[in-house]
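Report on one structure; see the data block that follows.
Letters go in sequence order (proteins before strands), and every chain restarts at 1. Everything numeric here is computed off the predicted structure, so don't read it as measured data.
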Protein chains: 2
Amino acid sequence: MSGKEIRRSMPLFPIGTVMQLTELTARQIRYYEEHELISPARTDGNRRLFSLVDIDRLLEIKDLIDQGINMAGIKQLLLVKEQQANVIQQQAEKAKQELTDDQLRNLLRQELQQAGRFNRSSLRQGDMSRFFH
Amino acid sequence: MSGKEIRRSMPLFPIGTVMQLTELTARQIRYYEEHELISPARTDGNRRLFSLVDIDRLLEIKDLIDQGINMAGIKQLLLVKEQQANVIQQQAEKAKQELTDDQLRNLLRQELQQAGRFNRSSLRQGDMSRFFH
DNA sequence: ATCATGTGTTAGATTTTCTAACATGGTTTT
DNA sequence: AAAACCATGTTAGAAAATCTAACACATGAT
C-alpha cells in the first residue's frame, strides 16, 4: 500500500548531493523551500535531508522555472498535479477492482493522454528514475 | 549496457545516512573500508560518499558478521560472489544472444538454485531494494 | 523610475565527518 | 595463565558542509 511511498519519501540526501543531482544551487533549493514548493526533512542538527520525492519535485520545479513560470505559478501547478495524481490513483485502484484488464488499459491510456495535455513532465514517476535501477 | 551499474554505483550518501540505513556505526563502516571490504568514493573535501552498491555490500557484510565470519572470510566471500556474479552475467548475456526464451528461463533458474546453495544473501540485488520503488 | 523577484555572495555559527590514538571485552595462541 | 589479536567503543582536535541572515544585483512588471 503505502510502503512504496514511504521509501520514496525517506529522507536520505544532504543538500550537497541534491545540488549535484539537480544542478541547482543551495540558494535556489533553500529559496524554493522558503516558498513552500518543497519541505525536506531535518536532522537532529537542523541540516536538510531530502528524499527521492523531493528530488523529483526539484527537477520538476527546475523544468517549470525554465519555462518562465514563477513561484506562485509553480506552487499551483504542483498542487494541481498532486490532486490529479491522487484522483488518478484512486480511480486506478477502483478500476483494478471493478474493471477487466482490457478496460483498465484503456482507462490508463486516456489518463495518460489527458495528463500529457497539461504538463510536460509526467505524473507517474519523476525523472529520478534515471538514477536508479 | 552499463547505464544501470553507473547509477547504482553513483556516490550519493554521506556516512550519517548510511549509518541509519545499515544500522552500523561509523567506526564499523570505516573499519570495513580499512580492510578493503568497501571502497566508498570521496568528496573534494575528503568526506566519504556511498553508493547503493556500497550500501548493499554493507548489509551483506553485516549479515556475514552476524554469522560469526571474520574480515578475512568476508573478504574472500565477497570476492567469490563478485566473480560468480560476473560469470553468471556473462553467461546470461551470451544466453540472451544464443538461446530461445525458454532455454534462457531454464538456465537462469539453474543459476539461481546454484547460487542459493552457496550464499544466504542473493547475488542479484542487495537488500537496498526494499528502500526504493 | 520604482518595485518585486529570483539568485549570487558573504559572514559567523553550528553540525558532521575526518584521522589518529588509546581503551576494552572476547578469542586465540603461546 | 599471560600475551597477542580482533572488532568495536570512545575521545580529541581539525577540517568540511550546512545553516540563517543580510546585503547586492539584474531583470521584468507597474
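- Residue L37(B) contributes atom CG, which lies 14 Å from atom P of dC6(D) at whole-angstrom precision.
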Letter by letter from the 5' end, nucleotides 16-30 of chain C scores (B base, S sugar-phosphate only, - none; protein heavy atoms under 4.0 Å) BBBB-B---------
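- Using a 4.0 Å cut-off between a side-chain N of Lys or Arg and a carboxylate O of Asp or Glu, D56(A) and R8(A) qualify as a salt bridge.
- In the hydrophobic cluster analysis, where Ile, Leu, Val, Met, Phe, Trp and Tyr join through side-chain heavy atoms closer than 4.5 angstrom, I29(B) is grouped together with L64(B).
- Atom CD1 in I61(B) sits roughly 12 Å away from atom P in dA7(D) (whole-Å rounding).
- Y31(A) has no side-chain polar atom (N or O) that falls below the 4.0 Å cut-off from OP1 or OP2 of dT5(C).
- Per the geometry, CG belonging to L58(A) stands 15 Å off P belonging to dG6(C), to the nearest Å.
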Dump the intermediate steps for side-chain contact (heavy atoms from CB on, under 4.5 Å) on L21(A) and L12(B), then the final yes or no. CA-CA 9 Å; L21(A) 254 28; L12(B) 295 175; 3.6 Å; yes
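- Rounded to whole angstrom, the span from the CD1 atom of I69(B) across to the P atom of dC6(D) amounts to 17 Å.
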Apply side-chain contact (heavy atoms from CB on, under 4.5 Å) to I38(A) and I61(A), showing your working. CA-CA 10 Å; I38(A) 50 172; I61(A) 292 170; 4.1 Å; yes
Applying side-chain contact (heavy atoms from CB on, under 4.5 Å) to K62(A) and Q28(A), what does each step give before you reach the verdict? CA-CA 10 Å; K62(A) 199 186 179 193; Q28(A) 287 177 299; over 6 Å; no
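- A straight line from CD of E23(A) to P of dT7(C) spans 15 Å, rounded to a whole angstrom.
- Separating the CZ atom of F13(A) from the P atom of dT18(D) is a distance of 13 Å, rounded to the nearest angstrom.
- Rounded to a whole Å, the CD atom of E34(A) is 13 Å from the P atom of dC19(D).
- Between the CD1 atom of I29(B) and the C1' atom of dG9(D) there is a distance of 14 Å, given to the nearest Å.
- No hydrogens or angles considered: a donor-acceptor pair under 3.5 Å links the side chains of D63(A) and Q67(A).
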